[in-house]
Amino acid sequence: MKPNFTISSAQANELLCKQFATWPFFATNYQTLDKVKEKCYSFDDFSIKVQFNPARTIMLRPEHNAGIPYANGCPLCVNNLPILQERLVFGRDYIVLCNPNPIFPNHFTITSRVHSPQRILSRFGDMLELSIRLERFILYYSGPSCGTSIPGHAHFQAGTKGVLPFMNEVDTLLHKHGKSIITEPTATLFALSDTAKRNCFILKARTLTAARKLFGLIYQALPESDGEPEPMMNIISSYEDGTWTVVVFPRRPYLSGEENPAKVKLSINPGAVHAGGLIITKNEADFDKITPALLSEMYSQLFLSDDLFADVCRSIQHLSSK
């Protein structure tokens, strides 16, 4: 595979169309998106969508994953990819794949060509560059214990803009509730707290250098978790009109199913998509029992408390002043 430094959204869409025609397993799974059940809850200044795909429960069972050789090793390693799964090369380090088990239309996985663990610090610049190249899409990163299903192999996800409620509402939330904590000539870092049920950082940047600098401060300031190789976080990135919008959701561990102390148990593994306001349920029972109150409780477990988030904000400002 030769390096391709001119990857585009158009090329990614062409790959998707081609896979519909050449990979029956892929085409069949995408058709199940027509059967998705959805409900939406509106809060004061934001909304959260909940989805359940009846066919996805079957789709993800090993016996129905013909052509997806999970049993042979890491499913993202090039040598383990299905024969019919084509790839789009980006630079020397990444390949773009159509996700064969989609949760929304135009769902891609951008995976490292080398088997290395899921880590963000050295790859944040790559995420920003991909956001430019795939400008029609939103990029997602889920940390190794923050919703990724394959923590052993570095990767991003990408999906069509407009799918995540939070990204549709982010500018309104910033205008009404955002607090600027660091301002650079070409970038501003905002804190969004005590609203949207998710304490998070929103980075607006026009240059790669400024974006990487401010993200580095967030990374340094975030609390360490026992046994975790990096601070727990989910990240969403988009690029439009010469500006990156990057949302960093500092995370806490989430106990799924019966281990969760909440009265109502949910069998989910929350990642960046969930942080962005799209809750994907694994079964219909979870879909049916989710309520606004349960969503609020789940988010309160997932993200930093107001006090801890305020401590992180102060740490970022302190690091910036050095």
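In what follows, every heavy atom counts, from backbone to side chain, and hydrogens, waters and symmetry copies are set aside.
For S9 and E135, the side-chain atoms include no donor-acceptor pair closer than 3.5 Å. In this model, a donor atom of one side chain and an acceptor atom of the other lie less than 3.5 Å apart for T245 and K204. Side chain to side chain, S116 and R123 meet the donor-acceptor criterion of an N or O pair below 3.5 Å. Side-chain atoms of S193 and N199 include no donor-acceptor pair closer than 3.5 Å. With hydrogens and angles left out, the side-chain atoms of T243 and E240 include no donor and acceptor closer than 3.5 Å.
Ion pair E14/K18 not flagged as a salt bridge, since none of the NZ, NE, NH1 or NH2 atoms sits closer than 4.0 Å to an Asp/Glu carboxylate oxygen. With salt bridges taken as basic N to acidic carboxylate O contacts below 4.0 Å, none links R206 and D241.
Within the 4.5 Å cutoff, no side-chain heavy atoms of L302 are placed close to those of R252. At a threshold of 4.5 Å between non-hydrogen side-chain atoms, the residues P231 and Y219 count as touching. F108 is listed as a side-chain neighbour of L16, based on a closest heavy-atom distance under 4.5 Å. For the pair T22 and L84, the minimum side-chain heavy-atom distance is 4.5 Å or more. A 4.5 Å side-chain heavy-atom check between M233 and I235 finds at least one atom pair inside the cut-off. In this structure the side chain of I316 reaches within 4.5 angstrom of the side chain of I218, judged on heavy atoms. Counting heavy atoms from C-beta outward, L130 and I110 have side chains that approach closer than 4.5 Å. Annotation: side chain of V36 is not in contact with side chain of F52 (no heavy-atom distance under 4.5 Å).
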Evaluate the side chain to side chain contact (heavy atoms under 4.5 Å, CB included) criterion for residues F46 and K197: first the C-alpha distance (whole Å), next the side-chain angles of each, then the deciding distance (0.1 Å), finally the verdict. CA-CA 9 Å; F46 65 96; K197 308 293 183 184; 3.4 Å; yes

Please assess F104 against L33 for the test side chain to side chain contact (heavy atoms under 4.5 Å, CB included), listing each intermediate value before the final yes or no. CA-CA 7 Å; F104 36 68; L33 293 176; 5.7 Å; no

Go through S237 and S131 one step at a time and tell me if the side-chain hydrogen bond (donor to acceptor under 3.5 Å, both in side chains) criterion holds. CA-CA 7 Å; S237 172; S131 296; 2.7 Å; yes

Would V246 and I236 satisfy side chain to side chain contact (heavy atoms under 4.5 Å, CB included), going step by step from the backbone distance to the final call? CA-CA 6 Å; V246 181; I236 304 172; over 6 Å; no

Give the intermediate values and the outcome of side chain to side chain contact (heavy atoms under 4.5 Å, CB included) for residues F190 and K179. CA-CA 5 Å; F190 299 90; K179 177 184 177 183; over 6 Å; no

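V114 is not connected to I120 by any chain of hydrophobic side-chain contacts under 4.5 Å among Ile, Leu, Val, Met, Phe, Trp and Tyr, and they are in different clusters.
No donor-acceptor pair under 3.5 Å is formed between the side chain of T109 and the backbone N or O of Q157. In this structure, the side chain of T281 engages the main chain of Q51 through a donor-acceptor pair within 3.5 Å. At least one donor-acceptor pair closer than 3.5 Å links the side chain of H155 to the backbone N or O of H153. Distance alone, capped at 3.5 Å, is enough to place a donor-acceptor pair between the T291 side chain and the L294 backbone. Of the possible polar contacts, none joining the N29 side chain to the N101 backbone as a donor-acceptor pair under 3.5 Å is found. N234 contributes no side-chain N or O that, together with a main-chain N or O of S142, makes up a donor-acceptor pair within less than 3.5 Å. No donor-acceptor distance shorter than 3.5 angstrom exists from the side chain of H177 to the backbone of L174, with no hydrogens or angles considered. Using a distance-only test at 3.5 Å, with no hydrogens or angles considered, a donor-acceptor pair links the side chain of Q85 to the main chain of C98. Judged purely by atom type and a 3.5 angstrom limit, E224 has no side-chain atom pairing as donor or acceptor with the backbone of E230. Not a single donor-acceptor pair under 3.5 Å links the side chain of R87 to the backbone N or O of L97.
Here the closest heavy-atom approach between residue L222 and residue M232 is recorded as CD1-O, 4.5 Å. When all heavy atoms of I181 and A191 are compared, the pair lying nearest together is CG2-CB, 4.1 Å. The two residues C200 and V247 come nearest to each other via the heavy atoms SG-CG1, 4.0 Å. Taking every heavy atom of both residues into account, A187 and L203 meet most closely at CB-CD1, 4.4 Å. Nearest heavy atoms, Q118 versus G143: CG-C, 4.4 Å. Nearest heavy-atom pair, F303 versus R198, reported as atom, atom and distance to 0.1 Å: CE1-CG, 3.1 Å.
How far CD1 of I48 is from NE2 of H274: 11.5 Å, rounded to the nearest 0.5 Å. Atom CD of E169 sits about 15.5 Å away from atom NE2 of H175, to the nearest 0.5 Å. Remark: I268 CD1 to I290 CD1 distance equals 6.5 Å, nearest 0.5 Å. Considering NE2 of H318 and CG of L217, their distance stands at 11.5 Å, rounded to 0.5 Å. Remark: C40 SG to I279 CD1 distance equals 11.0 Å, nearest 0.5 Å. D93 CG to T111 OG1: the interatomic distance, rounded to the nearest 0.5 Å, is 11.0 Å.
Annotation: side-chain contact (heavy atoms from CB on, under 4.5 Å) contacts of R212 (sequence neighbours excluded): F124, L128, L208.
Considering F249, Y140, Y299 in turn, F249 is the only one that fulfils the ring-ring contact (aromatic ring centres under 6.0 Å, His included) rule with F166.
Checked against the 6.0 Å centroid criterion, the rings of F309 and F201 qualify as a close aromatic pair. You'll find the ring centres of F26 and F20 inside the 6.0 Å limit.
Counting non-hydrogen atoms of other residues, nucleotides and ligands closer than 6.0 Å to NZ of K39 gives a total above 12. A 6.0 Å sphere centred on NZ of K161 holds more than 12 heavy atoms belonging to other residues, nucleotides or ligands.
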